[in-house]
Amino acid sequence: MPDPYEFPVDRSAVMLFARALLDVRPEFSDPDDPATKAVGGIVTPPTFVQSSAHWQPDYPLDLTRPRKGPPPAHRGDGGGGGLGRGLHAEQHYEYHHPIHAGDTLTVTTRPGNSWEKQGKRGGKLLFAETITEYTNQDGVLCVTARSVGVQTERAVDQ
Amino acid sequence: MQLKVGDTHEAVVIEKVARTHIVKYAGASGDFNPLHHDDTVAQNLAGYPSVFAHGMLSMGLTGRMLTDWLGATALRKFGVRFTKQVWPGDTLTTKGEVTAVRDEGGKQVATIRVVTVNQEGESVVEGEAEAVL
């Protein structure tokens with residue numbers, strides 16, 4: 001099980017993430033907008049925690065990231081797709097408490113269930129869950145994420 | 001905001017997905033899987049016709065429709081299955097429908113079925129969200 005790591009949530013990262021989703025809501029970028037003030041400052045889009053990948057030390061899907069050691073091997077679990085045969089099958093979030101720009105989240109990951117299924121076109125399908133919890137600097141659990149990854153024996157057109 | 005079972009909302013969330021959209025999502029999310037930006041890898045290593053969008057881009061766009069409809073901090077749950085890949089050139093429309101409304105401590109909690117379809121009407125993500133109104 002990987003060690004927990006810190007994920008500092010800065011305003012620029014939230015802005016860039018919202019922009020990538022073509023999202024112009026002021027709550028995700030403008031601290032002075034009345035709508036942002038009404039929610040206690042800049043908050044984050046529903047899928048923003050995915051960008052914790054930038055801070056995950058053993059994140060496998062960034063082969064050009066400069067590292068002191070060799071790049072981590074892809075684990076083939078539900079970490080959000082994969083190189084080659086891996087695909088992201090499902091993603092689920094539970095929102096317990098808002099994440100704000102300026103928060104420092106602690107990210108804890110553990111494996112969930114895994115199972116096998118016979119696919120129609122892609123041969124045998126191996127599913128694996130990863131559960132990730134995002135807890136803020138006050139110890140408040142903000143988001144629980146459950147990712148389901150699938151490994152196939154050959155490329156599929158889903 | 002008041003919602004009742006059967007209420008619907010629909011929005012085009014992206015028109016003609018460009019490789020630039022996909023690359024921008026890669027940079028923002030940190031997911032640099034080359035299947036999403038390198039045609040050579042997508043075609044030769046994995047046997048796909050071209051790069052395709054991150055599933056999480058489709059989910060993120062689907063989430064944008066939900067926060068535009070319900071508010072930036074309304075969601076309590078949001079989950080999807082990825083049902084089809086999104087290719088460059090695709091146009092995606094997200095449709096939501098309220099399937100249940102319950103009272104929870106004086107607050108209205110709505111369950112919403114959500115589906116995002118491409119220009120052929122094929123679903124690319126299907127899921128469910130729960131929102132406090």
Side-chain angles (χ1 to χ4, degrees), chain A residues 13-28 35-36 38-40 43-48 50-56 59-65 74 80-96 98 144 146-148 150 154-158, chain B residues 13-15 20-36 41-43 45-49 52 54-68 71-85 87 122 124-132:
Chain A
V14 180
M15 180 275 276
L16 290 172
F17 197 89
R19 200 173 271 182
L21 301 179
L22 313 175
D23 198 322
V24 294
R25 278 191 87 94
E27 296 97 324
F28 304 138
T36 309
V39 294
V43 290
T44 59
T47 59
F48 173 75
Q50 287 305 112
S51 68
S52 60
H54 285 295
W55 292 91
Q56 182 185 335
Y59 185 67
L61 299 178
D62 184 0
L63 297 177
T64 59
R65 182 186 298 183
H74 182 244
L83 301 171
R85 295 286 170 268
L87 288 172
H88 196 177
E90 294 180 33
Q91 181 68 40
H92 302 267
Y93 298 106
E94 282 182 57
Y95 307 101
H96 312 287
T144 306
R146 180 167 62 89
S147 172
V148 182
V150 58
R154 56 180 182 270
V156 287
D157 181 20
Q158 292 180 333
Chain B
V13 291
I14 193 165
E15 287 183 77
T20 309
H21 289 123
I22 300 173
V23 166
K24 194 177 280 192
Y25 184 77
S29 69
D31 181 343
F32 294 102
N33 187 336
L35 287 180
H36 301 307
V41 171
Q43 291 164 354
L45 178 75
Y48 293 107
F52 54 96
H54 307 72
M56 288 307 301
L57 174 56
S58 307
M59 184 181 191
L61 293 166
T62 302
R64 192 190 91 219
M65 176 276 205
L66 291 172
T67 49
D68 279 345
T73 57
L75 293 188
R76 290 300 171 268
K77 287 183 184 176
F78 178 31
V80 303
R81 286 189 308 124
F82 302 101
T83 50
K84 193 169 182 20
Q85 278 139 328
W87 304 98
E122 302 162 315
V124 298
V125 306
E126 295 176 7
E128 200 171 80
E130 222 174 76
V132 175

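Chain naming here is simple, since letters A, B, ... match the order of the sequence lines and numbering starts at 1 in each.
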(request) Among the options G60(B), G55(B), G63(B), G71(B), pick out the one with the most heavy-atom pairs lying under 4.5 Å from chain A. (result)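 The candidate making the most pairs under 4.5 Å is G60(B).
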
(message) Under a 4.5 Å cutoff for heavy-atom pairs, which residue among K24(B), H21(B), M59(B) has the most contacts with chain A?
(response)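 Among K24(B), H21(B), M59(B), the one with the most close pairs to chain A is M59(B).
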
(request) Among the options L16(A), L22(A), T64(A), pick out the one with the most heavy-atom pairs lying under 4.5 Å from chain B. (result)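 The answer is L22(A).
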
(message) If I take atom CZ from residue R25(A) and atom CZ from residue R64(B), how far apart are they, to the nearest 0.5 angstrom?
(response) 11.0 Å

(request) Kindly say whether G30(B) contributes a backbone atom to a donor-acceptor pair with the side chain of H54(A) at under 3.5 angstrom? (result) yes

(message) Is F28(A) close to chain B through its backbone or its side chain, or both, or neither, when contacts mean heavy atoms under 4.5 Å?
(response)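 For F28(A), the contact with chain B is made by the side chain alone.
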
(request) Against chain B, label E94(A) side chain, backbone, both or neither, depending on which of its atoms sit under 4.5 Å from a heavy atom there. (result)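 Both parts, backbone and side chain.
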
(message) Applying ring pair (Phe, Tyr, Trp, His ring centres under 6.0 Å), can you list everything that pairs with F78(B), at least two apart in sequence or on another chain?
(response)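 In terms of ring pair (Phe, Tyr, Trp, His ring centres under 6.0 Å), with neighbours along the sequence ignored, F78(B) is linked to no residue.
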
Give me the atom names and distance for the closest heavy-atom approach of [X] to [Y].
X      : Y      : result
M56(B) : Q91(A) : SD-CG, 3.8 Å
L61(B) : L21(A) : CD2-O, 3.5 Å
A28(B) : S51(A) : O-CB, 3.4 Å

Taking the side chain as every heavy atom from C-beta outward, state whether [X] and [Y] have any atom pair closer than 4.5 Å.
X      : Y      : result
Q50(A) : D31(B) : no
V80(B) : H92(A) : no
L75(B) : Y93(A) : no
L61(A) : F32(B) : no

(request) Measure V13(B) against the heavy atoms of chain A and call it side chain, backbone, both or neither at under 4.5 Å. (result)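 For V13(B), the contact with chain A is made by the backbone alone.
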
(request) Please flag which part of T67(B) lies under 4.5 Å from any non-hydrogen atom of chain A: side chain, backbone, both or neither. (result)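 For T67(B), backbone and side chain are both near chain A.
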
(message) With a sphere of 6.0 Å drawn around CZ of R76(B), does it hold more than 12 non-hydrogen atoms of other residues, nucleotides or ligands?
(response)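 Count over threshold, so yes.
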
(request) Flag yes if more than 12 heavy atoms outside E15(B) fall under 6.0 Å of its CD atom; otherwise flag no. (result)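 No, CD of E15(B) has 12 or fewer neighbouring heavy atoms, counting only those of other groups under 6.0 Å.
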
